[in-house]
Amino acid sequence: MARIAYVNGRYRPLRDACVNVEDRGYQFSDGVYEVCEVRGGRLIDQRRHLQRLLRSLGELQIRLPMSLPALGMVLRETVARNRVQDGIVYLQITRGVARRDFSFPAADTPPSVVVTARSLDPAANEKIASSGIEVVTVPDNRWGRVDIKTVSLLPNVLAKQAAREQGAREAWFVDRDGRITEGSSSNAWIVTGEGKVVTRPADHAILRGITRTVLLDAISAQELTLEERSFTVEEAYAAREAFLTSASQIVMPVVRIDSKPIGNGAPGLVAAALRREFHRFAEQL
Ligand code: PLP
């Protein structure tokens, strides 16, 4: 079945869908995005994703091109037209099309909106989760506002490629103090020897993941002890468990960091339990 994309008011076959070469997303990465999980044909945590989108747009002074309910309808329609049962829906909004000039274009320039959706194989994801993944650490060389979900992702692209070249599936960024910030497309977590679940506070150094936010509820329901604080690479090597979170991977056990086995080198019990429980705490539309 041919995939369909929504581009500025029209649903078009993906292979013909295109944006103007002077779109500021293409010229300057001047735009924001969201990725929502689709499960059983339903969008997971759409409300929270759209709230974060509003915040990202506000921080960059890009106007919301249509109401949030209308945007929600476009997301659901794109999922339906692509017959996605399990997968992701991607939404991107840029500052629109204008003659190439660094400063903002005229205030009435319409933002560009693109939505795509694609299927992912849940069984394949489960298989990966059952053996866990390897991550490598890389210096965090990103700008100071990674709390905004912008399409400006070059350091993340290079980090993920570095991971792939070392046979790992994710890279964890490390700040100047030797503390892990987050993954190239995920948030980072460890479980200490005493069983405390640790993740970095959502300040300007990480993206406040929606999966991360929902997982905080699951952690408190399981009566686990949470510590929102930064942790060092050495602490991660010595952890009992490690895992990452994102809308497309939910809770993914990490079994090796920089080739060092974490705990006994197999997915941990806490990560497995949180992965099982996650959708009880997420909103489904
Ligand atoms: N951190 C970064 C840098 C990301 O790109 C992502 C997701 O793409 C996340 C964290 C996880 O966010 P979410 O759970 O909302 O998918």
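Just so you know, ligand 1 is whichever comes first in the structure, and atom 1 is the first atom listed for that ligand. Scope of the values below: all heavy atoms of this structure, side chains included, with no hydrogens, waters or symmetry mates.
Side chain of N20 to backbone of E22: a donor-acceptor contact under 3.5 angstrom is found. The backbone N or O of L207 sits less than 3.5 Å from a side-chain atom of E182, completing a donor-acceptor pair. A donor-acceptor pair under 3.5 Å is absent between the side-chain atoms of R12 and the main chain of C18, judged by distance alone. Remark: the backbone N or O of Q61 is paired with a side-chain donor or acceptor of R95 at under 3.5 angstrom. Panel note: side chain E241, backbone I262; no donor-acceptor pair is recorded below 3.5 Å.
Of the charged side-chain nitrogens involved, at least one lies within less than 4.0 Å of a carboxylate oxygen, so that E34 and R52 count as a salt-bridged pair. Using a cutoff of 4.0 Å between basic side-chain nitrogens and carboxylate oxygens, R47 and D45 are not scored as salt-bridged.
Taking a 4.0 Å cut-off on heavy atoms, R52 registers as neighbouring ligand 1.
In the vicinity of N187, heavy-atom distances shorter than 4.0 Å reach the ligand 1 atoms 10 (C), 11 (C). For ligand 1, the atoms closer than 4.0 angstrom to any heavy atom of E182 are 1 (N), 2 (C), 3 (C), 10 (C). Every atom of ligand 1 is numbered from 1 in the order shown, and the set under 4.0 Å from a heavy atom of A247 is 13 (P), 14 (O), 16 (O). Using a 4.0 Å cut-off to heavy atoms of G183, the atoms of ligand 1 that qualify are 3 (C). Atoms of ligand 1 found under 4.0 Å from any heavy atom of G209 (numbered from 1 in listed order, with element): 12 (O), 13 (P), 14 (O), 15 (O).
Aromatic ring pairs are classed by plane angle as parallel below 30°, tilted from 30° to 60° and perpendicular above 60°; the pair F243 and W189 is parallel.
Taking any N or O of H49, backbone or side chain, none lies under 3.5 Å from an N or O belonging to ligand 1. Taking any N or O of T245, backbone or side chain, none lies under 3.5 Å from an N or O belonging to ligand 1. An N or O contact shorter than 3.5 Å links K149 to ligand 1 by distance.
With 3.5 Å as the limit, one finds a donor-acceptor pair spanning the side chains of K160 and S184.
Closest to atom 14 (O) of ligand 1, if we only count protein heavy atoms, is T211 OG1, 2.6 Å. For atom 5 (O) of ligand 1, the nearest non-hydrogen atom of the protein is S185 CA, 3.3 Å. The protein heavy atom nearest to atom 13 (P) of ligand 1 is I210 N, 3.6 Å.
Only the backbone of S184 comes within 4.0 Å of ligand 1, counting heavy atoms alone; no side-chain atom from C-beta on gets that close. Proximity of Y33 to ligand 1, defined as any heavy-atom pair under 4.0 Å, is confined to the side chain (atoms from C-beta onward).
With values rounded to the nearest 0.5 angstrom, D23 atom CG is found 3.5 Å from T94 atom OG1.
Looking at S186, A202, C36, S246 and measuring to atom 10 (C) of ligand 1, the nearest heavy atom belongs to S186.
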